[in-house]
Each structure stands twice: as structure tokens, then as C-alpha cells.
Amino acid sequence: MGNKYDFNKIESKWQNIWENSDDFHAESVSNKKKYYVLVEFPYPSGEGLHVGHLRSYVALDIVARKRRMQGYNVLYPMGWDAFGLPAENFALKHNVHPKVITEKNVARFKAQLKRVGLSFDWKREVNTTDPSYYKWTQWIFSRLFEKGLATKEDSSVNWCTSCKCVLANEEVVNGVCERCGAEVVQKRKKQWILKITKYAQRLIDDLKLVDYPTRVKQQQENWIGRSEGARISFGSSVGENFDVFTTRPETIFGVSHVIFAPEHKFIDKYAKNIKNIDEVMRYRAEASKKKKEERTDVKTGVKILGITAKNPINGKNVPIFVSDYVLVDHGTGIVMAVPAHDDRDFDFVQKYKIDFISVINEDSETGKSEMINSEFLNGLDVKSAREKVLDYITEHKIGERHVSFKLRDWIFSRQRYWGEPIPIIHCEKCGMVLDKNLPLVLPDLEEFRTSDTGESPLCLTDWIHTKCPKCGGNATRETDTMPQWAGSSWYFLRYIDPSNSNVLASKESLDYWMPVDWYNGGMEHTTLHLLYSRFWHKFLYDIGVVKFSEPYAKRTSHGIILGSNGEKMSKSRGNVVNPNDVVDEYGADVTRLYEMFMGDFEKSAPWDPKGIVGCKRFLEKYWNLQNIVVEGNMVRDELKTYFNRAIKKVSEDIENLKFNTAISSMMDLVSRVKDFGSISKCEMKILTTLLNPFAPHISSEMWFLMGFEENIIFSKWPEFDKKFINFSEHEIVVQINGKVKVKFNIDSEVPDKKLIEICKNNEKVVDFMKGKTIIKEICVSNKLVNFVVR
RNA sequence: GCUGGUGUGGUGGAAUAGGUAGACACAAGGGACUUAAAAUCCCUCGACUGUCAAAGGUCGUGCCGGUUCGAGUCCGGCCACCAGCACCA
């Protein structure tokens with residue numbers, strides 16, 4: 001006795017040992033089977049790490065540690081996604097270089113992580129702001145540029161009024177900037193865009209190849225928003241045809257009018273033919289001022305006078321309107337309106353008194369529907385009418401089957417300083433030319449201020465003047481930088497070969513390590529980072545850099561940790577829990593254990609400062625088992641079932657993200673052993689191995705105290721024996737009419753018939769049966785008997 | 001509105017090839033140890049009812065119905081909450 005659990009001493013001892021060993025360093029290429037475990041690398045913010053970050057890191061640390069024990073060559077790396085606005089905004093305010101702030105924050109994060117005993121391979125640490133890293137971000141951009149997937153285009157962009165910067169669609173949440181919460185307005189600007197839409201179909205199709213939770217797959221599919229239909233070419237009184245996109249081509253005989261988006265180019269082209277062009281332009285101007293939400297309720301519009309449209313299928317002339325419920329960047333920016341079968345079109349005609357006809361007759365009783373008023377489609381059901389009209393328009397060359405996506409191209413430039421410079425040189429003679437001299441290093445600045453015109457701070461420096469690599473003439477550099485999401489779109493590839501200066505990672509090591517076997521991260525990245533990185537990886541696959549088309553074989557997502565008040569943790573709410581404080585008070589092992597024990601890993605859960613003590617008591621109980629150790633190389637018969645069950649439960653639960661029940665089964669086992677009064681060395685070895693991934697410090701110390709010889713990190717993960725999973729003694733439950741009445745034990749398994757007999761003769765059962773007749777007997781082998789009586 | 005998910009004690013949560021609801025833990029209450037406190041250990045802990053005490057009884061997994069010998073679990077219909085998307089033609 002007297003050997004008290006001193007977590008401070010134990011934890012610093014083992015963290016030191018790990019620091020000076022190569023135990024967590026993955027071999028670059030090996031004959032062993034590989035396992036690549038990945039967590040999202042953090043943005044090293046000024047606030048520091050909070051307990052929410054740890055949930056993901058600890059969970060996959062458990063997986064990584066288990067895999068090492070299972071004999072895999074494990075890669076579990078960590079790095080820093082360090083470009084981004086907060087550092088730049090801080091720089092603006094306090095006039096400190098973002099580089100300095102970033103370094104400070106990284107050091108702080110790293111120290112916090114090291115206190116938790118995570119088995120990261122620190123030799124592979126990457127930092128997106130390091131020129132030797134972003135050299136390859138720029139390299140990938142260059143390849144995208146060469147393939148025509150990165151272009152600079154005049155487009156309508158989301159403009160954050162506070163950050164003075166464009167945002168991707170994914171970064172605008174409810175009309176405000178995702179990061180700062182300021183209003184976002186639409187602006188037309190020349191911007192770099194990446195053509196992610198070219199990959200839309202593949203990004204949907206290849207979800208079949210990966211093991212992601214349904215909610216993640218669904219959300220991505222939803223975001224990409226595929227809809228199948230047709231483009232149909234309508235005629236017009238000015239002679240030029242235009243295409244509409246529709247998912248309901250079978251309703252074409254019901255078209256009462258056509259609606260253009262107010263911004264549509266067709267209107268400009270034929271402005272002189274439009275008699276009320278002033279009114280139309282006024283409407284356009286008003287629509288552009290409206291926020292997205294304001295466009296949603298009342299449907300407004302203007303009828304275009306002087307031009308009519310011609311329905312290609314029946315030659316009917318129909319009026320043309322403009323209305324802001326038609327979006328210029330969706331489909332073709334023109335819709336054919338079928339008021340009888342579309343709610344929005346119906347709302348619209350209420351106001352403008354347009355005549356329309358119904359083309360589908362629905363029988364309210366049978367629920368069957370058939371086509372009417374539709375010439376050659378009459379009498380058909382909707383589905384076959386659709387097929388028939390699609391064939392018809394294709395054959396008569398008035399349209400074709402077409403698939404439309406909601407996904408927009410990725411707006412890739414930011415007018416900020418703290419990002420990867422885009423390696424493009426603008427030459428008057430040669431146009432846009434790639435700068436092949438990578439990395440193109442971000443120059444140091446005195447001032448980080450963004451100009452009021454919204455240009456990047458880089459435009460105010462001499463850095464922009466250069467020579468054209470093609471013709472040698474005077475040229476200027478691109479001053480926009482890449483968005484936050486660039487560096488994180490491929491970082492998992494760099495971990496594989498982090499110091500290679502010739503290629504982003506060697507072919508050999510990429511082939512060995514990719515794809516990532518298990519990637520855990522937050523749901524909030526589903527339509528951002530996760531989609532972007534899949535896109536980049538597919539591109540790298542297309543140009544032969546990687547061997548697999550998908551980067552992550554398996555993705556899981558943790559629930560967020562809420563504050564003790566049940567609200568989201570945030571500085572402004574004052575409910576942030578710093579892991580340092582928890583580690584100070586309880587130690588790293590207890591912190592890790594509680595992070596995993598607090599609830600269902602995939603659901604959000606509030607941090608309960610009182611709940612932690614349960615985990616503390618558990619580790620103390622475990623620690624005190626060393627006082628009752630007895631010699632022995634066997635699991636004692638009395639404990640065999642408990643041990644085998646615990647091995648099974650812990651092994652399976654780790655794979656299924658059920659860390660909470662894995663821990664409770666270990667708590668159970670420790671209580672059993674304690675009640676039993678002694679633990680053999682062999683039993684201690686099993687228990688300690690099971691606990692090691694969860695609480696690595698205390699278990700390593702126990703391992704050491706017990707004098708077990710091999711390194712616990714690579715010791716063999718225990719296996720259970722099916723023979724000992726069931727108790728030899730069975731509790732039998734007797735139900736009468738489905739209600740539990742009697743319970744008793746039998747020593748060994750008996751056939752069903754025998755069991756029913758035993759139950760019938762049970763004293764208490766006989767009592768219950770008095771004056772009743774058995775109608776039916778149901779038996780679940782060695783478990784339960786139900787008598788149905790009258 | 002659409003898509004996905006969730007709903008179980010005072011609390012976090014267990015339990016799905018349909019078979020003992022509430023594992024494990026927190027909080028609470030009682031007791032032991034102690035001069036005392038902390039720590040530790042033991043007991044109780046869904047509701048109602050019952051008894052000196054027990055035994056026992058009835059109800060109980062958001063609501064209503066169904067299937068079944070038996071439903072937290074399956075089916076139909078609601079309600080509430082969370083997340084994402086949202087005039088997507």
C-alpha cells in the first residue's frame with residue numbers, strides 16, 4: 001500500500017519517454033500492413049485548444065494505439081492549418097506580423113496537445129504557411145491552371161463588408177459571413193474560380209466507393225444537388241432561340257408563359273425590341289438590391305412587351321416575363337412556366353392573370369394520373385409521358401436530356417495578405433503566365449491594411465513588379481491570395497513525405513499510405529473541406545499523382561461538446577473549457593477517459609465538471625489493484641467469462657465509435673476483480689492492455705511496475721475465446737402472458753423441452769398457474785419461457 | 001417546405017436477428033469509519049400502490065393506433081426538438 005496514484009509524476013515520466021523515443025514514428029515504407037489514421041488539423045487560433053478539439057484527437061488516438069498493438073505500421077500525424085483571417089485581423093489591430101502570431105499560437109497548441117499524451121508522429125508535422133509546404137499548394141494550383149480548371153472570370157461574388165473580401169458560397173451562412181458575422185452583399189468582380197462543377201457527377205458517384213456515415217453522404221449529395229431533366233429550345237419573335245431547363249418536360253403542353261431571370265443577357269441583347277425596357281431595367285435594379293431572403297415570399301415581375309416566345313412542341317406563342325424568383329445562375333436562367341403543376345408558377349399567375357391549362361388529370365380516389373390536353377401524350381401516365389417527350393424532343397432536335405447541378409464553381413481568390421500567393425504573372429503581351437519559380441514566397445509587409453477598393457494589401461508593394469517569364473517584358477504579379485481552404489485540401493498527402501523537396505510526396509510512399517484509412521472530423525466541414533479535398537484529390541488522380549480516386553476510405557464524425565449550460569462553447573458565452581485546467585486538476589488520462597465516456601461519440605454532449613470524478617475514481621480503483629496482485633499466468637476460471645466479455649466488448653466498441661460503453665465495460669471488470677479479491681499477473685496484463693489506448697500513462701506505468709517485458713505500445717492486443725463468452729450458469733426468466741413472474745438459475749444448458757418442464761414444476765410458477773390452462777408455450781433457449789394462459 | 005437525425009429516471013447515457021427496460025456513471029438520501037472534515041467503503045434511488053417490515057400489485061421508453069405469446073426495438077399516423085438545404089425550375 002501507500003503507492004498513491006500520482007498522475008503528475010506518472011504522466012510527465014511517460015510523456016518524456018515518448019518524446020525521446022521513435023515509438024509513434026511511422027516507417028515511410030514497410031513490409032508491415034499500413035494504417036493511416038487522420039484527424040482534422042486545427043487552425044491555431046488565439047483562443048487556444050479547447051476540450052472540443054480533443055474529442056476527435058483522443059478518439060482516433062485510441063484507434064491508432066489499438067492498431068499498433070494489432071501489428072500495423074500506423075501513421076497518426078498532426079499539423080497546422082495556419083493561414084486565415086483571424087491572424088490577419090489580429091495583425092491589423094496590433095500591428096504584429098501574422099507569422100509571429102501564428103508561431104506563438106502553434107507553440108501553445110502543441111504544448112496543450114503534448115500534455116494529453118496523443119501518439120502523434122511529430123516528425124511529420126506540417127504547417128500550411130511554411131513556404132516548403134505551400135510550394136506544393138501552388139504547384140497543384142499551377143496544374144489546375146494548365147488544365148483549364150482554374151480561371152479568372154468576371155462573376156457575381158459574395159462580398160463580406162467587414163473582412164473586405166470575397167467569400168465562397170460555402171462560407172456564407174444565412175446571408176452573413178461565416179467567420180465574422182458581418183453582412184454579405186453581391187458584387188461583380190474578376191475572381192479566380194476553380195471548376196469543381198466539372199467534377200460534380202464524379203463527386204456524387206464515387207460516394208459509393210467510400211465508407212461515410214449516411215448523414216455525410218446525403219449532405220454532400222444535397223449540396224451538389226443533381227436534378228435530371230431536359231434543355232428545351234424555345235423560339236422567339238426576334239428570331240433567336242433560347243433554352244429553358246426543366247425537370248418536368250412532360251408538362252410542356254401546359255406552358256402558359258416563359259420567365260427570364262432579370263439579369264439575363266438576352267434582355268440586353270434585344271433591349272431595343274423591348275417596348276418597356278425602362279420598366280424592365282428598373283425591375284432588374286431593384287432585384288439586385290434585394291437580399292436573398294427578400295426574394296422568397298412575394299412573387300413579383302414584369303411582362304416584356306414586344307417579344308414573345310414560341311413553344312417548340314405546339315407552335316403556340318406565349319408571353320415572356322422577368323421575375324426575380326428565377327435565378328440567373330441556375331439551369332439556363334430561364335424557366336418555362338406551367339402554373340397548373342408548379343406551385344411557384346401558380347403563385348405568379350395569380351397576380352398577372354395569365355390563362356393556363358391543366359395537362360395532368362389526377363384521380364383523387366385511385367391516386368392515378370394521366371396526361372390530358374397534350375396531343376400525342378394523352379392517356380399516358382406521367383413517367384412514360386416524360387420518356388416519350390424526351391425521345392420526341394431529341395429526335396426533332398428541339399432539346400435534349402440534361403442534368404443540372406446546384407453546386408457552383410469554387411471562388412478561389414481572396415483580397416487578403418495572409419494566404420498562399422497565386423503564382424500567376426500578368427503580362428500585357430502574353431496574358432496570364434504561370435510563375436514556375438516555386439515557392440512564390442509571400443513578401444513581408446509593414447502594413448496589413450486592405451485598401452478601400454478591396455484590393456489585397458499586396459498591391460501596395462513593389463513585390464508586384466516582375467518580368468514576364470515568356471517574353472521578358474515588364475509584368476505584374478497576381479495580388480489575390482488563395483482562400484483558407486487551399487492548404488487543407490491536400491495536407492494528408494504531405495504528411496506521407498513531409499520534407500520532400502522534389503515532389504509533393506514520393507510516388508512510392510503515396511502508393512503505400514493512401515488512401516487514409518480512417519478520417520474523423522466535424523460535420524461542419526461536410527460541404528467545405530471534405531468536398532474540396534475530394535475534388536483536389538480526384539484532380540491529382542487524373543494527372544497521375546495518386547493511385548486512388550478517393551482520399552478517405554472511411555469518414556466518421558464526432559458530436560460537438562457543449563458548455564455546461566448546454567449551449568455551444570464560445571468565448572462570448574464564457575463557457576469554454578480549457579483542457580489545461582482539466583489536466584491540471586485530474587490528469588491527462590482522466591481527461592481522455594471523460595472525453596470518451598461522457599456520451600455517444602457521434603452526438604453532441606454537454607461538459608459536466610462533476611461527471612469527471614467517475615473517471616477519476618475508476619482509475620484510482622484500477623491503480624489500487626496492484627495491491628492485490630497474485631502470481632499466475634492464467635485467467636482464473638471464476639473470472640474467465642468476465643475477462644473474455646470485456647475483451648470482446650472493448651475490441652468491438654472501439655471499431656464502432658462506442659467508446660463510452662467500452663469504458664463502462666472496463667469499469668465493470670475492475671469492480672468484479674476487486675470484489676473477487678485478487679488479480680493474477682496475467683489478468684492484470686490483459687486489463688492493462690485494454691486500458692492502454694484510453695489511458696496510456698497509467699497503464700504504461702502499471703505495465704512497468706508489473707515488470708512485463710516488451711514495450712506496451714507494440715504488445716499484442718488480446719483476443720477473446722468464444723467458449724468463455726457465456727456464463728455456465730443461466731438465469732431463466734419465466735413469463736406468464738408476456739409478463740415477467742419468476743426468475744431462477746440453472747447450472748447448465750438444457751434442451752427447450754426439458755426447460756419448459758422445469759419451469760412448469762417451479763413452485764412459484766405452479767402457484768401462478770392455479771386454476772388456469774396453458775394455451776401456448778414459447779421458449780427462448782436457455783433464457784426465457786413464456787406461458788400463455790387463460 | 002425538403003433531406004437526415006433524435007425523443008428512455010433528477011442528469012449524461014445503456015439495451016436492436018423483437019425476449020428481464022434503466023448497464024455504467026453523476027447527483028441526491030441514509031449508514032460505517034473519523035474529535036471533525038475530506039477521502040474511502042456499504043445501502044437506497046422510474047412513478048403510483050401496499051406493509052411494522054417484507055412479499056406483492058398497477059403503470060411506465062414523446063403521442064395515437066396496429067402486428068405479435070411478447071414492442072424502447074417492427075408497421076401506419078401525428079407531435080416536438082436538433083442539424084443541413086431552401087423560390088434549384
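The figures here come from the full heavy-atom set of this structure, side chains too, leaving out hydrogens, waters and symmetry mates. Chain identifiers are assigned alphabetically (A, B, ...) following the order of the sequence lines, protein sequences preceding nucleic acid strands; residue numbering begins at 1 within each chain. Note that the structure is predicted; figures quoted are calculated from it, not measured.
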Query raised in the report: So, is A:Lys743 near the phosphate of B:U20, with a side-chain N or O under 4.0 Å from OP1 or OP2?
Result: no
Query raised in the report: For the pair made of CD1 in A:Ile252 and C1' in B:A89, what is the distance, rounded to whole Å?
Result: 13 Å
Query raised in the report: What interatomic distance, in whole Å, is found between P of B:G7 and the corresponding atom of B:U61?
Result: 14 Å
Query - Check: A:Gln201/A:Asp205 side-chain N/O donor and acceptor closer than 3.5 Å - result: yes
Query raised in the report: With a non-hydrogen cut-off below 4.0 angstrom, is A:Lys764 in contact with a base, only sugar-phosphate, or nothing?
Result: nothing
**Report entry** Nearest-Å distance once atom C1' is located in both B:A25 and B:G9
**Finding:** 14 Å
Query raised in the report: To the nearest angstrom, how far is A:Met336 atom CE from B:A89 atom C1'?
Result: 9 Å
Report task. Rounded to whole angstrom, note down the P distance from B:G5 over to B:A54. Result -> 47 Å
Query raised in the report: What about the rings of A:Phe618 and A:Phe597, do their centers lie closer together than 6.0 Å?
Result: no
Requested in this report: Looking at every strand, decide which applies to A:Ser604 at a 4.0 Å heavy-atom threshold: base, sugar-phosphate, or nothing.
Outcome: sugar-phosphate
Query raised in the report: Which is true for A:Glu221 with a 4.0 Å heavy-atom rule: it touches a base, it touches only sugar-phosphate, or it touches nothing?
Result: nothing
Report summary line: Separation of B:C85 atom C1' from A:Phe405 atom CZ, nearest Å, is 17 Å
Query - Ring center gap for A:Tyr594 and A:Tyr586 short of 6.0 angstrom - result: no
Query raised in the report: How close or far is atom P of B:A89 from atom CZ of A:Arg401, stated in whole angstroms?
Result: 17 Å
Query raised in the report: For A:Lys603 and B:G4, is the shortest distance between a side-chain N/O and OP1 or OP2 below 4.0 Å?
Result: no
**Report entry** Donor + acceptor pair across side chains of A:Glu40, A:His525 (<3.5 Å)
**Finding:** yes
Requested in this report: Would you mind classifying the nucleic acid contact of A:Val740 as base, sugar-phosphate or nothing, using non-hydrogen atoms under 4.0 angstrom?
Outcome: sugar-phosphate
Requested in this report: Could you run through nucleotides 22-31 of chain B and give me one letter per nucleotide, 5' to 3': B if any protein heavy atom sits under 4.0 Å from the base, S if only the sugar-phosphate is that close, - if neither?
Outcome: -BBSSS----
Report task. Determine which nucleotide pairs with B:C45, using a 3.5 Å limit on both distances of a Watson-Crick or G-U wobble pair. Result -> none
Query - Euclidean distance for P, B:G12 against B:A27 (whole angstrom) - result: 15 Å
**Report entry** Closest to side chain of A:Pro606, choosing from B:U20, B:G12, B:A89
**Finding:** B:G12
Query - Euclidean distance for P, B:G10 against B:A53 (whole angstrom) - result: 25 Å
**Report entry** Gap between atoms CG and C1', on A:Asn745 and B:U20 respectively (whole Å)
**Finding:** 13 Å
**Report entry** A:Phe348 CZ - B:C88 C1' separation (whole Å)
**Finding:** 17 Å
Query raised in the report: Between A:Leu784 (CG) and B:A15 (P), how many Å, whole number?
Result: 20 Å
Query raised in the report: Say you pick atom P in B:A38 and the same atom in B:A28; how far apart are they, in whole Å?
Result: 12 Å
Requested in this report: Looking only at side-chain atoms of A:Asn222, point me to the closest of B:C85, B:G19, B:U20.
Outcome: B:C85
Requested in this report: Identify which nucleotide among B:U40, B:G19, B:C59 has an atom closest to any side-chain atom of A:Asn786, counting heavy atoms from C-beta outward.
Outcome: B:G19
Query raised in the report: With sugar-phosphate meaning primed atoms plus P, OP1 and OP2, does A:Gln735 contact a base, only sugar-phosphate, or nothing at under 4.0 Å between heavy atoms?
Result: base
Query raised in the report: Just wondering, are more than 12 heavy atoms of other shown residues or ligands nearer than 6.0 Å to NZ in A:Lys554?
Result: yes
Query raised in the report: For B:G9, does the glycosidic angle fall within 90° of 0 (syn) or outside that (anti)?
Result: syn
Query raised in the report: So, is A:Lys674 close to the B:U40 phosphate, meaning a side-chain N or O under 4.0 Å from OP1 or OP2?
Result: no
Query - Between A:Ser699 and A:Tyr622: side-chain donor-acceptor atoms closer than 3.5 Å - result: no
Query - Separation of atom CZ in A:Phe356 from atom P in B:A89, rounded to whole Å - result: 20 Å
Query raised in the report: How is A:Asp342 classified with respect to the nucleic acid when contacts are heavy atoms under 4.0 Å: base, sugar-phosphate, or nothing?
Result: nothing
**Report entry** A:Asp675 atom CG, over 12 foreign heavy atoms within 6.0 Å
**Finding:** yes
Query raised in the report: If you check the A:Glu620 side chain, which of B:U3, B:U40, B:C88 turns out closest?
Result: B:U40
Query raised in the report: So does A:Arg344 get a side-chain nitrogen or oxygen closer than 4.0 Å to the phosphate oxygens (OP1/OP2) of B:C88?
Result: yes
Query raised in the report: So, A:Thr251 side chain and A:Gly254 main chain: donor-acceptor pair closer than 3.5 Å or not?
Result: no
Query raised in the report: Of the candidate nucleotides B:G19, B:C88, B:A15, which contains the atom at the shortest distance from the side chain of A:Val780?
Result: B:G19
Query raised in the report: Got more than 12 heavy atoms from elsewhere within 6.0 Å of NZ, A:Lys303?
Result: no
Query raised in the report: Base, sugar-phosphate alone, or nothing: which one does A:Val335 contact when heavy atoms must sit under 4.0 Å apart?
Result: base
Query raised in the report: Which whole number of Å gives the distance between the P atom of B:C64 and that of B:G56?
Result: 29 Å
Query raised in the report: A:Ser227 has a side chain; which of B:C85, B:A89, B:G13 sits nearest to it?
Result: B:A89
Query raised in the report: Just wondering, are more than 12 heavy atoms of other shown residues or ligands nearer than 6.0 Å to CD in A:Gln350?
Result: yes
